[in-house]
Amino acid sequence: MVKDILRKILFFYIEGFKSMKTGRVLWLIIGIKLAIMFLVFKLFFFPNFLSTNFKNDKERGDYVLDQLTKKNK
């Protein structure tokens, strides 16, 4: 029952995308823009703090544990 409903929904979207012309191009542009945005965010705004400030996994783990368990001041 649920499997049939999910299959019908899946085929509904597949058939809808097959018949699109300009919609495909718009979704492609949206996908490219999102990929570029997330790559830029990852590279410039979210540097790998743990690997640059700590030498090994033990130090990284201790820092994370300390940050998660310390009480608010």
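- Taking hydrophobic clusters as Ile, Leu, Val, Met, Phe, Trp and Tyr residues chained together by side-chain heavy-atom distances below 4.5 Å, I5 shares a cluster with F12.
- A continuous path of hydrophobic side-chain contacts links I32 to L43 [ILVMFWY only; heavy atoms under 4.5 Å].
- To the nearest 0.5 angstrom, I9 atom CD1 is 12.0 Å from I14 atom CD1.
- With rounding to the nearest 0.5 angstrom, the CD1 atom of I29 is 12.0 Å from the CG atom of L34.
- Nearest heavy atoms, E59 versus K55: OE1-N, 3.0 Å.
- M37 is not listed as a side-chain neighbour of V40, based on a closest heavy-atom distance of 4.5 Å or more.
- Here S51 contributes atom OG and N56 contributes atom CG; the two are 12.5 Å apart, rounded to the nearest 0.5 Å.
- Checked by atom type and distance alone, the side chain of E15 never pairs as donor or acceptor with a backbone atom of F11 at under 3.5 Å.
- The pair K8-D4 does not count as a salt bridge, with every side-chain nitrogen at least 4.0 angstrom from each carboxylate oxygen.
- Between the CZ atom of F44 and the CG atom of L39 there is a distance of 10.0 Å, given to the nearest 0.5 Å.
- Grouped by direct or indirect side-chain proximity (heavy atoms under 4.5 Å, Ile/Leu/Val/Met/Phe/Trp/Tyr only), Y63 sits with F49, L50, F54, V64, L68.
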